[in-house]
Amino acid sequence: MNYTLKNVPQREPKPRERGFTMAMDKGLSIREVEDFIEVAGEYVDIVKLGWATSYVVPNLQKKLDVFKAAGIPVYFGGTLFEAFVIRNQFDDYRRVLDKYNMTFAEVSDGSLEMDHDKKCEYIRTLAEQVTVLSEVGSKDDAKIIPPYMWINLMQKELDAGAWKVIGEAREGGNVGLFRSTGEVRSGLVEEILTKVPFEKILWEAPQKAQQVWFIKLLGTNVNLGNIAPSEVVPLETIRLGLRGDTFSQFLDSDTTSLI
């Protein structure tokens with residue numbers, strides 16, 4: 001940090017299990033990636049190439065190389081996994097992971113109907129090759145999954161070998177964990193947390209109000225994802241109580257005074 005402040009919460013050091021920030025790249029250029037790393041590389045833990053953008057972006061390998069040189073792992077969005085699976089090309093997907101030396105992969109079923117036992121089988125298979133993040137929840141805002149089912153799905157996917165489970169929200173933050181307005185389904189989140197350890201969950205929370213809600217509930221070292229590259233530094237200030245939304249969250253009343 002550039003100077004010293006008291007009562008700033010301690011962030012987990014990298015590589016970390018908690019306080020994870022996943023940024024979403026929806027089509028950054030190489031130059032934009034370089035600029036992003038210069039400004040926010042210290043605060044981002046992993047980057048997701050959103051849905052299937054890796055299929056169409058130019059200079060994919062060069063982009064991956066830039067992230068790798070900065071020590072930031074990258075993975076392809078879960079929709080790409082689904083696109084391969086629905087075309088009966090799972091083995092081709094595994095070869096793509098090897099071709100690009102990917103160390104992480106996302107398994108999801110947000111855009112297609114998949115038997116859950118089959119999904120867990122995909123997780124087990126891929127976990128022998130890479131570190132797996134599995135996404136729970138539907139991209140269909142009309143499909144409401146009850147809390148007990150979220151818990152059941154998350155537990156089974158962790159048991160199958162997922163490193164972390166991702167709570168679905170899409171890039172807009174208006175499905176799954178959230179209502180169409182972006183409001184957190186707080187009862188759902190709180191019930192999930194009665195059974196699933198918070199460090200094992202990466203909550204997709206692209207909107208500032210959602211990030212603030214999770215930090216107030218679970219503290220500075222909550223895992224948050226689908227963060228826009230331009231919002232990684234602002235999120236870090238929210239985590240540290242250095243933005244109005246969480247300004248008083250981490251202050252010790254014994255060592256502060258009002259002016």
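Under the rule for a ring pair (Phe, Tyr, Trp, His ring centres under 6.0 Å), the partners of Y93 that lie at least two apart in sequence or sit in another chain are F81, F84.
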Let's go through D25 and T53 carefully: what are the C-alpha distance in whole Å and the side-chain angles of both, what is the deciding distance for side-chain contact (heavy atoms from CB on, under 4.5 Å) to 0.1 Å, and is it a yes or a no? CA-CA 9 Å; D25 175 349; T53 55; 5.8 Å; no

Please evaluate residues E12 and F20 with respect to the criterion side-chain contact (heavy atoms from CB on, under 4.5 Å), reporting the C-alpha separation (whole Å), side-chain torsions for both, the decisive distance (0.1 Å), and the verdict. CA-CA 9 Å; E12 293 278 328; F20 213 68; over 6 Å; no

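Taking the charged nitrogens against the carboxylate oxygens, R124 and E121 have no contact shorter than 4.0 Å, which rules out a salt bridge. Between E42 and R11 there is no salt bridge, since none of the side-chain N atoms of the basic residue sits less than 4.0 Å from a carboxylate O of the acidic one.
The structure places CH2 of W203 at 6.0 Å from CG of L177, a figure rounded to the nearest 0.5 Å. Atom-to-atom distance recorded for R16:CZ and D45:CG is 4.0 Å, nearest 0.5 angstrom. Going from atom CZ of F250 over to atom NZ of K216 covers 10.0 Å, rounded to the nearest 0.5 Å. For the atom pair CD of E135 and CD of E106, the computed distance is 4.5 Å after rounding to the nearest 0.5 Å. Distance OG1/T21 to CG/L202: 8.5 Å, rounded to 0.5 Å.
Using a 4.5 Å cut-off between side-chain heavy atoms of Ile, Leu, Val, Met, Phe, Trp and Tyr, Y3 forms no hydrophobic cluster with any other residue. Other residues sharing a hydrophobic cluster with W51 under the 4.5 Å side-chain heavy-atom criterion for ILVMFWY residues are M24.
Under the 4.5 Å side-chain heavy-atom criterion for ILVMFWY residues, no single connected hydrophobic cluster contains both L28 and Y55. Put simply, F178 and V196 are part of the same group of oily side chains (I, L, V, M, F, W, Y) that touch within less than 4.5 Å, one to the next. Hydrophobic clustering (ILVMFWY, side-chain heavy atoms < 4.5 Å, transitive): V222 and I192 are in one cluster. Under the 4.5 Å side-chain heavy-atom criterion for grouping Ile, Leu, Val, Met, Phe, Trp and Tyr, L251 is not connected to I238 through any hydrophobic cluster.
In this structure the side chain of Y122 reaches within 4.5 angstrom of the side chain of M114, judged on heavy atoms. Between L64 and L49, some side-chain heavy-atom pair lies under the 4.5 Å cut-off. At a threshold of 4.5 Å between non-hydrogen side-chain atoms, the residues W213 and S186 count as touching. I215 has its side chain out of reach of D245: every pair of non-hydrogen atoms, C-beta onward, lies at least 4.5 Å apart. Within the 4.5 Å cutoff, the side chain of L240 has heavy atoms near those of the P9 side chain. Looking only at side-chain heavy atoms (C-beta outward), V212 and T246 come within less than 4.5 Å of each other. Under the 4.5 Å side-chain criterion, counting only non-hydrogen atoms from C-beta, R239 is in contact with L224. Residues N226 and K48 meet the side-chain proximity criterion, which asks for heavy atoms closer than 4.5 Å.
Note that K63 lies outside the cation-pi zone of F67, set by a 6.0 Å cut-off to the ring centre and a 45° limit from the axis.
For Y75 and W163, the distance between ring centers is not under 6.0 angstrom.
Within 6.0 Å of atom CD1 in I86, 12 or fewer heavy atoms from other residues, nucleotides or ligands are found, so the atom counts as exposed in its surroundings. The local environment of NZ in K195 is sparse, with at most 12 non-hydrogen atoms from other residues, nucleotides or ligands closer than 6.0 Å. Shown here is Q61, whose CD atom has more than 12 heavy atoms of other residues, nucleotides or ligands within 6.0 Å.
The minimum heavy-atom distance linking I30 with V66 is given by the pair CG2-CG2, 4.1 Å.
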